[in-house]
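Right, one structure below, let's go through it.
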Amino acid sequence: MTPEIVILTGAGISAESGLGTFRDAGGLWTKVPLEKVATPEAYAVDPEFVLGFYNARRQGCVEAQPNAAHHALARLQKKRPGDVLIVTQNVDDLHERAGSPPAELIHMHGELRRALCAGCGHQWGWEGDMALSDACPECRSNCVRPDVVWFGEMPYRMEEIYAAIAQCALFVSIGTSGNVYPAAGFVAEAAQAGAETLELNLEPSEGARLFHASRHGKASQIIPDWVEEILGA
Ligand code: APR
(Lines give C-alpha, C1' and ligand atoms only; values in the text may rest on other atoms or scores of the structure.)
Protein backbone atom coordinates (compact mmCIF):
# COMPACT_ATOMS: atom_id res chain seq x y z
CA MET A 1 0.00 0.00 0.00
CA THR A 2 1.36 3.49 -0.86
CA PRO A 3 -1.20 5.74 0.82
CA GLU A 4 -1.30 9.44 0.02
CA ILE A 5 -2.76 10.07 3.48
CA VAL A 6 -1.57 8.45 6.75
CA ILE A 7 -3.82 8.99 9.75
CA LEU A 8 -2.65 8.27 13.31
CA THR A 9 -5.46 7.82 15.83
CA GLY A 10 -5.40 7.69 19.62
CA ALA A 11 -7.81 7.22 22.52
CA GLY A 12 -9.45 10.59 21.85
CA ILE A 13 -11.22 9.28 18.75
CA SER A 14 -12.99 6.66 20.89
CA ALA A 15 -13.70 8.98 23.85
CA GLU A 16 -17.20 9.90 22.61
CA SER A 17 -17.94 6.18 22.18
CA GLY A 18 -17.59 5.93 25.95
CA LEU A 19 -14.12 4.35 26.01
CA GLY A 20 -11.76 6.12 28.41
CA THR A 21 -8.66 7.98 27.37
CA PHE A 22 -5.46 7.57 29.39
CA ARG A 23 -4.15 10.97 30.42
CA ASP A 24 -7.18 13.23 30.48
CA ALA A 25 -8.85 14.07 33.77
CA GLY A 26 -10.43 10.79 34.90
CA GLY A 27 -8.37 8.86 32.34
CA LEU A 28 -7.39 5.22 32.81
CA TRP A 29 -3.92 6.00 34.10
CA THR A 30 -5.41 8.30 36.73
CA LYS A 31 -7.38 5.29 38.07
CA VAL A 32 -4.79 2.52 37.94
CA PRO A 33 -1.00 2.97 37.64
CA LEU A 34 0.10 1.76 34.19
CA GLU A 35 3.01 -0.03 35.93
CA LYS A 36 0.43 -2.37 37.51
CA VAL A 37 -1.33 -3.41 34.30
CA ALA A 38 0.56 -2.38 31.15
CA THR A 39 4.06 -3.88 31.48
CA PRO A 40 5.42 -7.44 31.17
CA GLU A 41 6.65 -7.11 34.76
CA ALA A 42 3.09 -6.42 35.99
CA TYR A 43 1.89 -9.57 34.23
CA ALA A 44 4.71 -11.60 35.80
CA VAL A 45 3.90 -10.33 39.30
CA ASP A 46 0.09 -10.55 39.18
CA PRO A 47 -1.27 -11.98 35.92
CA GLU A 48 -4.80 -12.36 37.28
CA PHE A 49 -4.99 -8.62 38.09
CA VAL A 50 -3.71 -7.74 34.62
CA LEU A 51 -6.15 -10.11 32.90
CA GLY A 52 -8.99 -8.62 34.98
CA PHE A 53 -8.07 -5.08 33.86
CA TYR A 54 -8.17 -6.07 30.19
CA ASN A 55 -11.33 -8.16 30.64
CA ALA A 56 -13.10 -4.99 31.82
CA ARG A 57 -11.70 -2.97 28.88
CA ARG A 58 -12.67 -5.74 26.41
CA GLN A 59 -16.23 -5.75 27.78
CA GLY A 60 -16.35 -1.96 27.44
CA CYS A 61 -15.18 -2.28 23.86
CA VAL A 62 -17.93 -4.80 23.03
CA GLU A 63 -20.59 -2.47 24.50
CA ALA A 64 -19.24 0.66 22.75
CA GLN A 65 -20.31 1.80 19.29
CA PRO A 66 -18.21 3.57 16.67
CA ASN A 67 -18.92 7.33 16.62
CA ALA A 68 -19.20 9.81 13.74
CA ALA A 69 -15.42 10.22 13.62
CA HIS A 70 -14.82 6.49 13.03
CA HIS A 71 -17.54 6.44 10.38
CA ALA A 72 -16.16 9.52 8.63
CA LEU A 73 -12.69 7.96 8.33
CA ALA A 74 -14.22 4.72 7.00
CA ARG A 75 -16.15 6.78 4.44
CA LEU A 76 -12.93 8.50 3.35
CA GLN A 77 -11.23 5.12 2.92
CA LYS A 78 -14.16 3.78 0.89
CA LYS A 79 -14.15 6.82 -1.43
CA ARG A 80 -10.35 6.74 -1.80
CA PRO A 81 -9.52 3.00 -1.88
CA GLY A 82 -5.83 2.31 -1.16
CA ASP A 83 -5.15 6.01 -0.56
CA VAL A 84 -5.76 6.29 3.18
CA LEU A 85 -3.93 4.23 5.84
CA ILE A 86 -5.08 4.41 9.45
CA VAL A 87 -2.40 3.63 12.05
CA THR A 88 -4.17 3.34 15.38
CA GLN A 89 -2.70 3.25 18.88
CA ASN A 90 -6.10 2.04 20.07
CA VAL A 91 -6.75 -1.58 20.97
CA ASP A 92 -10.51 -1.32 20.44
CA ASP A 93 -12.13 -2.47 17.18
CA LEU A 94 -14.25 0.62 16.51
CA HIS A 95 -12.45 1.49 13.26
CA GLU A 96 -13.23 -1.98 11.89
CA ARG A 97 -16.83 -1.86 13.10
CA ALA A 98 -17.26 1.53 11.39
CA GLY A 99 -16.19 -0.13 8.12
CA SER A 100 -12.48 0.65 7.81
CA PRO A 101 -10.95 -2.16 5.69
CA PRO A 102 -8.55 -4.29 7.81
CA ALA A 103 -5.98 -4.07 4.97
CA GLU A 104 -5.91 -0.27 5.42
CA LEU A 105 -5.67 -0.31 9.20
CA ILE A 106 -2.68 -1.08 11.44
CA HIS A 107 -3.09 -1.70 15.18
CA MET A 108 0.42 -0.74 16.32
CA HIS A 109 -0.42 -1.42 19.99
CA GLY A 110 -2.29 -4.68 19.34
CA GLU A 111 -5.96 -5.53 19.90
CA LEU A 112 -8.16 -6.37 22.91
CA ARG A 113 -9.98 -9.00 20.86
CA ARG A 114 -6.82 -10.99 20.17
CA ALA A 115 -4.80 -13.23 22.50
CA LEU A 116 -1.06 -13.85 22.71
CA CYS A 117 0.68 -16.81 24.36
CA ALA A 118 3.43 -15.48 26.64
CA GLY A 119 5.05 -18.89 26.29
CA CYS A 120 5.28 -19.62 22.56
CA GLY A 121 4.21 -16.32 20.97
CA HIS A 122 1.13 -17.80 19.25
CA GLN A 123 -1.58 -15.18 18.45
CA TRP A 124 -5.28 -15.82 17.91
CA GLY A 125 -8.69 -14.12 18.03
CA TRP A 126 -10.32 -13.83 21.45
CA GLU A 127 -13.84 -13.04 22.69
CA GLY A 128 -15.00 -12.78 26.31
CA ASP A 129 -13.04 -12.86 29.55
CA MET A 130 -9.53 -14.31 29.73
CA ALA A 131 -8.28 -16.40 32.67
CA LEU A 132 -4.94 -18.04 33.45
CA SER A 133 -6.74 -21.38 33.22
CA ASP A 134 -7.15 -20.73 29.48
CA ALA A 135 -4.57 -22.75 27.56
CA CYS A 136 -2.71 -21.73 24.43
CA PRO A 137 -4.11 -23.81 21.50
CA GLU A 138 -0.54 -24.27 20.20
CA CYS A 139 1.64 -25.13 23.21
CA ARG A 140 -1.16 -25.83 25.73
CA SER A 141 0.58 -23.70 28.39
CA ASN A 142 -1.47 -21.48 30.73
CA CYS A 143 0.19 -18.15 30.08
CA VAL A 144 -2.38 -16.47 27.91
CA ARG A 145 -2.34 -12.65 27.78
CA PRO A 146 -4.14 -10.01 25.74
CA ASP A 147 -2.35 -9.32 22.44
CA VAL A 148 -1.74 -5.72 23.54
CA VAL A 149 1.68 -4.07 23.31
CA TRP A 150 2.86 -3.08 26.79
CA PHE A 151 5.36 -0.41 27.78
CA GLY A 152 8.86 -1.65 27.04
CA GLU A 153 7.64 -3.86 24.18
CA MET A 154 8.06 -3.17 20.45
CA PRO A 155 4.89 -1.94 18.71
CA TYR A 156 3.69 -3.96 15.73
CA ARG A 157 4.44 -3.41 11.99
CA MET A 158 6.77 -0.45 12.52
CA GLU A 159 8.60 -0.97 9.19
CA GLU A 160 5.33 -0.75 7.26
CA ILE A 161 4.33 2.36 9.22
CA TYR A 162 7.61 4.19 8.60
CA ALA A 163 7.53 3.22 4.91
CA ALA A 164 4.02 4.68 4.57
CA ILE A 165 4.96 7.87 6.42
CA ALA A 166 8.09 8.32 4.28
CA GLN A 167 6.04 8.62 1.10
CA CYS A 168 2.70 10.13 2.15
CA ALA A 169 1.61 13.62 1.11
CA LEU A 170 -0.45 14.26 4.24
CA PHE A 171 -0.01 13.03 7.83
CA VAL A 172 -2.98 13.58 10.16
CA SER A 173 -2.97 12.97 13.93
CA ILE A 174 -6.34 12.51 15.63
CA GLY A 175 -7.15 12.17 19.35
CA THR A 176 -3.69 11.53 20.73
CA SER A 177 -1.72 13.45 23.36
CA GLY A 178 1.64 12.91 21.68
CA ASN A 179 3.08 11.55 24.92
CA VAL A 180 4.10 8.04 23.84
CA TYR A 181 6.83 7.08 21.39
CA PRO A 182 7.30 5.88 18.73
CA ALA A 183 3.86 7.23 17.67
CA ALA A 184 4.66 10.71 19.03
CA GLY A 185 7.62 10.88 16.64
CA PHE A 186 5.64 10.16 13.48
CA VAL A 187 4.81 13.83 12.79
CA ALA A 188 8.51 14.79 12.67
CA GLU A 189 9.23 11.84 10.34
CA ALA A 190 6.39 12.91 8.05
CA ALA A 191 7.43 16.57 7.96
CA GLN A 192 11.04 15.59 7.27
CA ALA A 193 9.83 13.47 4.35
CA GLY A 194 8.01 16.48 2.93
CA ALA A 195 4.42 15.71 3.96
CA GLU A 196 1.92 18.28 5.11
CA THR A 197 0.98 17.62 8.76
CA LEU A 198 -2.34 18.30 10.48
CA GLU A 199 -3.44 17.80 14.11
CA LEU A 200 -7.15 17.25 14.81
CA ASN A 201 -7.57 17.06 18.58
CA LEU A 202 -9.69 18.32 21.47
CA GLU A 203 -6.80 20.55 22.52
CA PRO A 204 -3.17 21.16 21.48
CA SER A 205 -1.13 17.99 22.13
CA GLU A 206 2.42 17.74 23.46
CA GLY A 207 3.66 17.86 19.88
CA ALA A 208 1.29 20.58 18.63
CA ARG A 209 4.12 22.92 17.59
CA LEU A 210 5.42 20.23 15.20
CA PHE A 211 2.32 20.35 12.99
CA HIS A 212 1.88 22.68 10.00
CA ALA A 213 -1.80 23.12 10.89
CA SER A 214 -4.24 22.11 13.63
CA ARG A 215 -7.92 22.22 14.44
CA HIS A 216 -9.36 21.74 17.89
CA GLY A 217 -12.70 20.31 18.89
CA LYS A 218 -14.50 17.03 19.53
CA ALA A 219 -13.58 14.30 17.06
CA SER A 220 -17.23 13.51 16.29
CA GLN A 221 -17.58 17.10 15.01
CA ILE A 222 -14.25 18.08 13.46
CA ILE A 223 -13.42 14.76 11.74
CA PRO A 224 -16.60 14.54 9.61
CA ASP A 225 -16.14 18.22 8.63
CA TRP A 226 -12.52 17.58 7.64
CA VAL A 227 -13.43 14.43 5.65
CA GLU A 228 -16.14 16.32 3.75
CA GLU A 229 -13.57 18.99 2.87
CA ILE A 230 -11.09 16.37 1.65
CA LEU A 231 -13.73 14.56 -0.42
CA GLY A 232 -15.05 17.83 -1.80
CA ALA A 233 -11.57 19.05 -2.75
N1 APR B 1 -12.16 14.41 20.55
C2 APR B 1 -10.87 14.62 20.15
N3 APR B 1 -9.80 14.47 20.98
C4 APR B 1 -10.06 14.10 22.25
C5 APR B 1 -11.37 13.88 22.74
C6 APR B 1 -12.44 14.05 21.83
N7 APR B 1 -13.72 13.85 22.19
N8 APR B 1 -11.28 13.53 24.06
C9 APR B 1 -9.97 13.54 24.36
N10 APR B 1 -9.24 13.90 23.29
C11 APR B 1 -7.78 14.01 23.19
C12 APR B 1 -7.13 14.56 24.44
O13 APR B 1 -7.05 15.99 24.36
C14 APR B 1 -5.73 13.92 24.38
O15 APR B 1 -4.82 14.74 23.65
O16 APR B 1 -7.27 12.70 23.05
C17 APR B 1 -5.96 12.63 23.61
C18 APR B 1 -5.88 11.38 24.48
O19 APR B 1 -4.56 11.29 24.95
P20 APR B 1 -4.13 10.00 25.80
O21 APR B 1 -5.13 9.76 26.86
O22 APR B 1 -2.70 10.18 26.18
O23 APR B 1 -4.27 8.78 24.77
P24 APR B 1 -3.27 8.37 23.62
O25 APR B 1 -2.56 9.56 23.08
O26 APR B 1 -4.01 7.51 22.65
O27 APR B 1 -2.20 7.44 24.40
C28 APR B 1 -1.19 6.84 23.62
O29 APR B 1 -0.41 5.62 25.54
O30 APR B 1 -0.92 4.47 27.43
C31 APR B 1 -0.51 4.34 26.14
O32 APR B 1 -0.86 2.47 24.80
C33 APR B 1 -1.52 3.55 25.35
O34 APR B 1 -2.13 3.83 23.04
C35 APR B 1 -1.97 4.52 24.27
C36 APR B 1 -0.84 5.51 24.21
Side-chain angles (χ1 to χ4, degrees), residues 7-43 50 53-54 56-58 60-61 64-73 86-95 98 105-114 116 145-158 161 171-188 197-211 213-227:
I7 301 173
L8 172 70
T9 64
I13 199 170
S14 297
E16 291 162 87
S17 297
L19 297 184
T21 60
F22 294 95
R23 295 172 183 82
D24 290 324
L28 278 171
W29 298 151
T30 66
K31 293 179 182 143
V32 62
L34 67 87
E35 294 77 12
K36 281 195 73 179
V37 290
T39 65
E41 294 75 16
Y43 180 77
V50 171
F53 173 75
Y54 286 96
R57 288 187 66 194
R58 189 177 301 103
C61 172
Q65 292 301 321
N67 63 57
H70 297 102
H71 287 294
L73 294 188
I86 295 175
V87 177
T88 188
Q89 298 173 91
N90 299 339
V91 292
D92 63 55
D93 63 347
L94 297 184
H95 283 303
L105 171 65
I106 294 179
H107 277 277
M108 65 180 287
H109 288 167
E111 300 171 65
L112 279 172
R113 298 175 86 170
R114 287 183 62 75
L116 169 67
R145 58 170 273 191
D147 189 11
V148 167
V149 177
W150 285 331
F151 287 92
E153 296 183 326
M154 179 58 75
Y156 287 132
R157 302 174 60 182
M158 290 306 295
I161 294 169
F171 174 79
V172 185
S173 178
I174 298 174
T176 181
S177 62
N179 268 294
V180 176
Y181 286 81
F186 290 168
V187 55
T197 58
L198 170 65
E199 179 169 79
L200 303 173
N201 204 53
L202 188 65
E203 61 204 1
S205 72
E206 286 293 307
R209 72 193 184 290
L210 300 172
F211 288 86
S214 58
R215 298 183 194 179
H216 299 126
K218 289 188 169 185
S220 65
Q221 290 153 19
I222 64 175
I223 305 310
D225 291 349
W226 172 72
V227 166

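Ligands are counted one by one from 1 in listed order, and the atoms in each one are counted from 1 as well.
- In terms of protein heavy atoms, atom 11 (C) of ligand 1 is closest to Asn201 OD1, 3.5 Å.
- Between Arg23 and ligand 1, a contact under 3.5 Å exists for at least one N or O pair.
- The residue from Phe22, Trp29, Tyr181 that puts a heavy atom closest to atom 21 (O) of ligand 1 is Phe22.
- Proximity of Leu202 to ligand 1, defined as any heavy-atom pair under 4.0 Å, is shared by backbone and side chain alike.
- A 4.5 Å side-chain heavy-atom check between Arg57 and Val91 finds at least one atom pair inside the cut-off.
- A distance of 12.5 Å separates CD1 in Ile174 from OG in Ser205, rounded to the nearest 0.5 Å.
- Taking the six-membered ring for Trp and thresholds of 30 and 60 degrees, Phe211 and Phe171 have nearly parallel ring planes, at less than 30 degrees apart.
- Looking at atom 6 (C) of ligand 1, its nearest protein heavy atom turns out to be Gly12 O, 3.4 Å.
- Among protein heavy atoms, the minimum distance from atom 7 (N) of ligand 1 is reached at Glu16 OE2, 2.9 Å.
- The distance from ligand 1 to the heavy atoms of Gly10 drops below 4.0 Å at these ligand atoms: 26 (O).
- Residue Gly217 has at least one heavy-atom neighbour below 4.0 Å for each of these atoms of ligand 1: 1 (N), 2 (C).
- Considering only non-hydrogen atoms, atom 24 (P) of ligand 1 lies nearest to Thr176 out of Val91, Thr176, Leu28.
- Atom CD of residue Glu203 and atom NE2 of residue His216 lie 8.0 Å apart, to the nearest 0.5 angstrom.
- Looking only at protein heavy atoms, the nearest one to atom 26 (O) of ligand 1 is Ala11 N, 2.8 Å.
- Among Glu206, Glu199, Gln89, the one residue that satisfies the side-chain hydrogen bond (donor to acceptor under 3.5 Å, both in side chains) test with Thr176 is Gln89.
- Where the criterion is an N or O separation shorter than 3.5 Å, residue side chain and backbone included, Glu203 meets it with respect to ligand 1.
- The aromatic rings of Phe22 and Trp29 lie tilted to each other, with the angle between the two planes from 30° to 60°.
- Between Ala183 and ligand 1 there is no heavy-atom distance shorter than 4.0 Å.
- Considering CZ of Arg114 and CZ of Arg145, their distance stands at 12.5 Å, rounded to 0.5 Å.
- Taking CD from Glu16 and CG from Leu202, the interatomic distance works out to 8.0 Å, rounded to the nearest 0.5 Å.
- When heavy-atom distances to ligand 1 are checked against a 4.0 Å cut-off, His109 comes that close only through its side chain, counted from C-beta outward.
- In terms of protein heavy-atom proximity, atom 18 (C) of ligand 1 is nearest to Gly175 O, 3.8 Å.
- Among all non-hydrogen protein atoms, the one lying nearest atom 28 (C) of ligand 1 is Gln89 OE1, 3.4 Å.
- Set against the non-hydrogen atoms of Lys218, the atoms of ligand 1 under 4.0 Å away are 1 (N).
- The protein heavy-atom contact nearest to atom 8 (N) of ligand 1 is Ala15 CB, 3.7 Å.
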Please lay out, stage by stage, how Asp93 and Cys61 fare under the test side chain to side chain contact (heavy atoms under 4.5 Å, CB included). CA-CA 7 Å; Asp93 63 347; Cys61 172; 3.3 Å; yes
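- The protein heavy-atom contact nearest to atom 14 (C) of ligand 1 is Asp24 OD1, 3.9 Å.
- No side-chain heavy atom of Asn90 sits less than 4.5 Å from a side-chain heavy atom of Leu19.
- One finds the NE2 atom of His95 at 6.0 Å from the OG atom of Ser14 (value rounded to the nearest 0.5 Å).
- The CG atom of Leu200 lies 6.5 Å from the CH2 atom of Trp226; values are rounded to the nearest 0.5 Å.
- With ligand atoms numbered from 1 in the order given, ligand 1 contributes 30 (O), 31 (C) to contacts under 4.0 Å with heavy atoms of Phe151.
- In Ala219, the parts holding a heavy atom less than 4.0 Å from any atom of ligand 1 are both the side chain and the backbone.
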